[in-house]
Asker: 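Once you've had a glance at the structure underneath, I'll fire off some questions.
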Amino acid sequence: MAHLLNQIFDWFAAWLGGSVANDSVAGYVVAALIYLALLLNLVAVGALVFIWLERKVSGRIQDRLGPTRVGGKFGWLQTLADGIKLLTKEDLIPGDADKLLFRIAPYVGFCASLSAFIAIPFAGRDFPFVAQHLNVAVFFVLAVMGLEVFAVILAGYASASKWSLFGAMREAAQVVSYEVPMGLCVVVPVMLAGSMDLVHIGDKQQGWFTNWYLFHDPFTFIVFWVYFTCGTASVNRAPFDLAEAESELVAGFHTEYSGLRWSFFFMAEYGSMLAVSLLAAILFLGGWNGPIPVASLLGLTWHNGPLVGYLGNFLGMLNVLAKAFLLVTVMMWVRWTLPRLRIDQVMTTCLKYCTPIAAAMFVGAALWHMTLPDRVFAGLLQSPAANRLLAEPLPGDSIQLDLQTVEAATIARGGRP
Amino acid sequence: MYLLGHLLTEPVGVVHYMIVGAVLFTCGVVCMATKRNALGILMGIELVLNGANVNLIAFGSPYLRGAEATIGLDGQLMAMFVIVLAAAEAAVALAIALNFYNNFGSIDVDRANQLKG
Amino acid sequence: MNWTSCLFLLCSLMAGGFAVAVVLSSNIVRMAFYLVLSLAATAGLFFLAGADFVGAMQLMIYVGGTLVLLVFGVMLTAQSQFVQMRTSSGELLTALILGGALLVVLVSTAINVPAWQPTSNPAVDSATPVITATPIGMALEGYRVDQLTQPDTALRRGMSGYLFPFIIVSVHLLVVLIGAAYLARAKRPVVERMR
Amino acid sequence: MTTAQTIEIDVRTDEMLVNMGPQHPSTHGVLRLVLRTDGEVVSEVMPHIGYLHRCAEKIGENLTARQWVPYTDRMDYLAGMNMNLGWALAVEKLMDYQVPERGRHLRVIIAELGRIASHLVGMGAYGLDLGTFSPFLYAFREREKILDLFEEVCGARLTYSYLTVGGATADFPPGWLEKCEAFLDQFVPVIDEYHALLTTNAIFIKRTAGVGLLSAEMAIDYGCTGPVLRGSGVDYDLRRDGEPIYTSMYEGYDYEVICQRAGHYPKDQEYPPVPIEAVLGDCWHRFYVRMLEVVQAIGLVRQAMAKYRASDGSFGEPMKLNQKLPKGEVYLETESPRGQMGFGLVSNGTAIPWRARARSSCFCNLSVVSELCRGCLIADVPAIVGSLDIVMGEIDR
């Protein structure tokens, strides 16, 4: 995109008798701003929608209506009204607080949550919808989301409140622990796809829902649920919301926050929920490939021209967002149904259950992949044959092939097999 | 200033990375020398290691040097080992600091003047 | 000015600036916070130098893991609400002079080596992404897929693989894990708890 | 009972004094608990009370016996009807007055409905203490229906002053019994919902089973009463074991005291069995006793409605506002939803009691909290306090 912009700038500059180099900073800055605006919109509007949805979902679960008035029907402008209220609230900072850290902590959290979206693709194939196509995207997303814990720790520490400190300590212990099983779960689809590139992982699952890694084999099916549990824990949602546990710690790490700063914590939380769900959708639920490959059946592929391919990608984007929204709704459903675990039980769940299960499932999936390569849908279907009609060559596959030839060459030259 | 002016016209080279590495390294050394808090010293060590890492990455970067001069993947692998070992070192150092705190009720290293705690 | 220089400037200023802030701050939690920013900016530099995997690793292990541990340690050992330990100004001055001298030596060395000056024909053009994760993984297994053009047979045949260091590091990590757990155990009288 | 457990502290941490309350979401009003914590482990809990003290007893010494009835409402404001009943019976005991047959059944209907309404709050708020919001609203949905019924009989939804000395202020309005019948019919299946959401929920069991163990001896030593006492396996209920003036109210009713006997609760075959993790006297058992008492109360209301329909005559004549009391001193305890609520009264022969006193059930129940919370985690504190189901209005009066 930056190159395209630079070419456009160059074209304009040529008019004025100047020139803009292909790698000029101008195009990159404009491209970055566009991406930032899009992602910020996704996260902020996503948070607006999710907060409204949460209130509606919780309302319906609890036998009430939720917001009904603001904005006419369904109270769909309720969050906006809440946002305006939060903007106009007094911004309180406790007298004993470490003012700098107290002020900065919510923004750190929000930045971490937003940065994760840089590497998350929304559609793949020849022209992936992604701000920065990283070949270590999975790793990057996990790493950046891990930074959010800092915001909580800083907020808890800087508030100079004992309840906040308790929340921060819990968060630190919990998130650092849950990164382990979460990483183990994420490795499984990475192993199946042979790449850490999210675009490639998503593209690998193209075709019918039988190609989703969720249904690849029994192990991946379990891994998905372990991942979802750990994801819920890592974004601090009930039943793992110990850092803010309102019945124990008043409001945990954000006890002393009010107004806009408080709302940034919430934006970060909902942003992280979306990021975790998007990651789950791409890694396990086929990403932008729907249960039925509508785009391929309609011929909306890159073979038939860029515009048509673009349309297909757009459908894919709606697809992956729908899946992520569904998973977020499940998180809400869980939150409004289950009681909260105690801190020792949270750690037990992580260390005694999630980690060993994830490790065992990883080994199982690896063995399955070794014994039944090129098979999908719990080994029932032959991978390419079942979907040959719809399978297209993947852009990422060329890299894979290169590596294979490279490996063969290594052996041919006398390297170790 | 010379280098900054350089940067506006010339591409980034290894030397620029080395200067950043040198700044990190020096800050780390000063941090280690001046802080009385055991954890502050640990942070200084982390800075020093990072300064070294910046150099390793720069030497191994394919963008910064010619194909014949770059040390390639070795730089990245070394940096990786440094990061992993730094994590291990931090864990041990933290354990020592906590142990020290248990014995002395403080983590002021100036008070660590006994061999036996 | 091209984009790599611009981003480099941004990241390096952040890394260097916050490193200086670490030195100057006397509040340990703020130090940790500045260190986080400094290391995150360093990770940015790694990305910029084409080391995606190491950059992500830096973020994950260093910033997300080690520093959280560090802050945890700070909180566990904090006697008062906000720990401040000031250094005497004389010590600080000596350290600054020595540090400045060290910086001058390091920087002048870096500048004076011609091979380290910016090159006009890099191995890879900065707009082309390099794939690092798989070659690093292979190298840890002992295969050097990036060394195929290496004229030296010994190096080309995988003698430059990192399988052995990898295993040593793994064992080392295990030892450290056990050692740290052992060290941090209290030798304090056991507390009686009644119900 | 002291079982010495040894825990090894990993890191030397300083003890921290934390104020839980008086403004805290899960201390059920204005209870203030000062926690001495070592990390997450609570080493001591000191309850501080008195934030809701309104001199109710002193006011009672300046009002006539019937005038004080509205003040009793405001003691245990979640079970105002049962408070009214306690005071009314105490004064009636002094006056040696027996309410007519019809009034007796009316009182049983109202008192047991009040018990259901109170236990619904206890159950829902307990869910809140453990971090789940939905059961609270499910409980309040049903409580609302009971309050609607109460509103129809007395015009108030919280402070009823309905059961009064001499009987009740009014008879049931026409058609009320049918509405009550309809409510009970639809309420019975709802109880299964509560069991699904809480009692059998794996996380709920993990949070409550084995937590806050209160042995039978300790419960008796501290004067715990009501579900807290019965949750520890002590078979004691004033409706059966109380003074004649109170037990005669329940004469001819078929009910069993909810308490574990030989590993089983009465009526527990229709409801989830006791999980293996649960130990007699823990939070889970206290909760379960309340859940079964709700079922018990439904049966009692049904019987009472049949008896009420069968009886005729007066439902009781409320005593005159300024009626003179006979000289003497009485003390009577009744089984309110939270335990034994006692009212004491010394009269010097005028209409105004010389002394009016109340014995709070929650006060005694709360007194075990420091014993129960020793060595537990911070998250267990709300779980334990919630399982005692206290109402500060009654403790502080």
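Within every chain, numbering begins at 1; the chains are lettered A, B, ... in the order of the sequence lines, protein sequences first and strands thereafter. Please read all numbers here as calculations on a predicted model, not as lab measurements.
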Asker: With only heavy atoms counted, which part of B:Leu94 is less than 4.5 Å from chain C, the side chain, the backbone, both or neither?
Answerer: side chain

Asker: So B:Cys27 and C:Val22, do their side chains get closer than 4.5 Å, heavy atoms only?
Answerer: no

Asker: Evaluate the ring planes of B:Tyr17 and C:Phe8, with Trp represented by its six-membered ring, and classify them as parallel (under 30°), tilted (30 to 60°) or perpendicular (over 60°).
Answerer: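 Ring orientation, 0 to 90° scale: tilted.
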
Asker: Contact between C:Phe53 and B:Met80 at the side-chain level, heavy atoms closer than 4.5 Å - yes or no?
Answerer: yes

Asker: Are the side chain of B:Lys35 and the backbone N or O of C:Ile28 linked by a donor-acceptor pair below 3.5 Å?
Answerer: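 No: the side chain of B:Lys35 does not pair with the backbone of C:Ile28.
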
Asker: Measuring only between side-chain heavy atoms, which start at C-beta, is B:Asn50 closer than 4.5 Å to C:Gln58?
Answerer: yes

Asker: For chain C, which candidate among B:Ala86, B:Cys31, B:Ala22, B:Gly60 shows the most heavy-atom pairs at distances under 4.5 Å?
Answerer: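 Answer, by heavy-atom pair count under 4.5 Å with chain C: B:Ala22.
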
Asker: Counting only non-hydrogen atoms closer than 4.5 Å, does B:Val84 touch chain C with its backbone (N, CA, C, O), its side chain (CB onward), both, or neither?
Answerer: both

Asker: Between B:Phe25 and chain C, which part of the residue has a heavy atom less than 4.5 Å away: side chain, backbone, both or neither?
Answerer: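 For B:Phe25, the contact with chain C is made by the side chain alone.
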
Asker: Which heavy-atom pair separates B:Leu24 from C:Ala15 by the least distance, and what is that distance?
Answerer: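 Closest approach of B:Leu24 to C:Ala15, heavy atoms only: CD2-O, 3.6 Å.
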
Asker: Which atoms of B:Val20 are under 4.5 Å from chain C, going by heavy atoms: the side chain, the backbone, both sets, or neither?
Answerer: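 The side chain, not the backbone.
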
Asker: Non-hydrogen atoms of chain C under 4.5 Å away: do they reach the side chain of B:Ala88, the backbone, both or neither?
Answerer: both

Asker: Which atom names give the shortest non-hydrogen contact between C:Gly99 and B:Val30, and what distance separates them?
Answerer: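 The answer is CA-CG2, 3.8 Å.
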
Asker: Go through the atoms of C:Thr94 and report whether side chain, backbone, both or neither lie under 4.5 Å from a heavy atom of chain B.
Answerer: neither

Asker: Could you tell me which portion of C:Thr42 (side chain, backbone, both or neither) has an atom closer than 4.5 angstrom to a non-hydrogen atom of chain B?
Answerer: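 The answer is the side chain of C:Thr42.
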
Asker: For B:Glu46, is it the side chain, the backbone, both, or neither that has a heavy atom closer than 4.5 Å to a heavy atom of chain C?
Answerer: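 Contact with chain C: backbone and side chain both.
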
Asker: Under 4.5 Å between any side-chain heavy atoms of C:Val54 and B:Asn53, yes or no?
Answerer: no

Asker: Considering only heavy atoms from C-beta outward, does the side chain of C:Ile168 approach that of B:Phe81 to under 4.5 Å?
Answerer: no

